[in-house]
Amino acid sequence: MYCARLARPPRRAPDAAVPGPDSEHVSPRHALRPMRPSDLEAVVAIEGEIYSHPWTLGNFRDSLHAGYSCWVLQGGSGLIGYCVMMVGVGEAHLLNLSIASAWQRRGLGRHMVEHLLELARTWDVKEMLLEVRPSNTAARALYANMGFRELARRRDYYPAERGREDAIVMARECGGPRTAGATVGE
Ligand SMILES: CC(C)(COP(=O)(O)OP(=O)(O)OC[C@H]1O[C@@H](n2cnc3c(N)ncnc32)[C@H](O)[C@@H]1OP(=O)(O)O)[C@@H](O)C(=O)NCCC(=O)NCCS
């Protein structure tokens with residue numbers, strides 16, 4: 001337990017700048033802002049780059065019109081990520097979480113989920129749910145790392161290269177920080 005604790009990398013301070021490609025630095029907290037209709041072209045460009053079955057412009061437009069909680073991460077030279085959360089009574093559903101490929105693995109996805117959990121708490125939402133492809137090892141690792149647990153499978157939920165792919169339903173309570181693998185007392 002002691003060794004595991006020592007082996008964990010230090011958590012980045014919320015305002016610390018994250019180095020990205022081409023010597024660009026982004027402070028995740030300051031880079032987050034609500035999504036606007038004028039962002040949608042850039043959002044859809046990233047979506048097409050990172051997903052085999054991307055959301056359409058209409059999906060994002062509908063999310064904005066429906067009043068879902070839609071956010072973007074603004075880099076100096078364009079958007080680098082975005083997320084969409086639907087909030088209901090006592091429950092929030094994470095519908096989209098995306099980081100442009102050149103900016104992945106810098107803590108930005110985790111930062112966006114933390115931001116959404118924080119928002120959900122302020123709205124007294126108890127639980128956050130999401131679906132993820134079994135084949136999406138990066139996203140599953142992120143969610144498990146942040147304390148999401150697997151609840152169920154939805155059969156043939158997603159379109160796939162060949163036929164359909166199941167969805168794993170994951171959930172965690174919004175209250176209080178819960179990090180998988182955290183040492184007692186941490
Ligand atoms: C999934 C995604 C949002 C993660 O965002 P990210 O900014 O790259 O992830 P982070 O740097 O915040 O990673 C946080 C943790 O998640 C896990 N993780 C993230 N990417 C991983 C990868 N490629 N392989 C293994 N674990 C990974 C790790 O536990 C990581 O912690 P660590 O860096 O301390 O080891 C991003 O990879 C992405 O946009 N992928 C394409 C779109 C997608 O699949 N979205 C999710 C749909 S459900």
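Counting starts at 1 for both ligands and their atoms, in listed order. Along the sequence shown, the residues carry numbers beginning at 1. Owing to the predicted nature of the structure, the values given are computational and were not obtained by experimental measurement.
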Looking at S98, which atoms of ligand 1 are within less than 4.0 Å of one of its heavy atoms? 39 (O)
May I ask you to test the C174-W123 pair for a side-chain heavy-atom distance under 4.5 Å? no
Under 3.5 Å between any N/O of H111 and any N/O of ligand 1: does that happen in this structure? no
Under a 4.5 Å cut-off applied to non-hydrogen side-chain atoms, are F60 and C70 in contact? no
Tell me whether ligand 1 is touched by T137 - counting only heavy atoms on the residue side and a distance under 4.0 Å. no
Tell me yes or no: between the side chains of S101 and W103, is some donor less than 3.5 Å from an acceptor? no
Would the distance check show the side chain of N59 and the main-chain N or O of T56 forming a donor-acceptor pair, the cut-off being under 3.5 Å? yes
Hey, does E49 have a side-chain heavy atom less than 4.5 Å from the side chain of P54? no
Do any nitrogen or oxygen atoms of L97 lie less than 3.5 angstrom from nitrogen or oxygen atoms of ligand 1? yes
Please list, chain by chain and in numerical order, all residues satisfying side chain to side chain donor-acceptor pair (under 3.5 Å) with E165, sequence neighbours excluded. R133, S135
Side chains of residues 80-96: which donor-acceptor pairs under 3.5 Å do they make with residues two or more places apart or in other chains?
from: Y82; atom 1: OH; to: E47; atom 2: N; distance (Å): 3.2
from: Y82; atom 1: OH; to: E47; atom 2: OE1; distance (Å): 2.6
from: H93; atom 1: NE2; to: E131; atom 2: OE1; distance (Å): 3.0
from: H93; atom 1: NE2; to: E131; atom 2: OE2; distance (Å): 3.4
from: N96; atom 1: OD1; to: S98; atom 2: OG; distance (Å): 2.7
from: N96; atom 1: ND2; to: E47; atom 2: OE1; distance (Å): 3.4

Below 4.0 angstrom from a heavy atom of G107, which ligand 1 atoms are there? Numbered from 1 as shown, please. 10 (P), 11 (O), 12 (O)
Please work out, at 4.0 Å between heavy atoms, whether the side chain, the backbone, both, or neither of R106 comes within that distance of ligand 1. backbone
A student comparing Q104, M146, R105 should find that the heavy atom closest to atom 19 (C) of ligand 1 comes from R105
When you compare ligand 1 with V132, is there at least one nitrogen or oxygen pair between them that comes in under 3.5 angstrom? no
Considering only heavy atoms of L142, which atoms of ligand 1 have at least one such atom less than 4.0 Å away? 4 (C), 14 (C), 15 (C), 16 (O), 17 (C)
Would I50 count as being in polar contact with ligand 1, using the rule that some N or O on each side must be under 3.5 angstrom apart? no
A student checking ligand 1 against A139 at a 4.0 Å heavy-atom cut-off should list atoms 1 (C), 46 (C)
Sub-4.0 Å heavy-atom contact, Y51 with ligand 1: yes
Sub-3.5 Å N/O-N/O distance, Y143 and ligand 1: no
Walk me through whether L151 and R149 qualify under side chain to side chain contact (heavy atoms under 4.5 Å, CB included). CA-CA 6 Å; L151 276 189; R149 66 196 185 283; 4.2 Å; yes
Pull out every atom of ligand 1 sitting under 4.0 Å from any heavy atom of N145, numbered as shown with elements. 29 (O)
So for N136 against ligand 1, with non-hydrogen atoms under 4.0 Å, the contacting part is side chain
List the steps and the verdict of side chain to side chain contact (heavy atoms under 4.5 Å, CB included) for Q74 and H30. CA-CA 8 Å; Q74 175 75 62; H30 297 120; over 6 Å; no
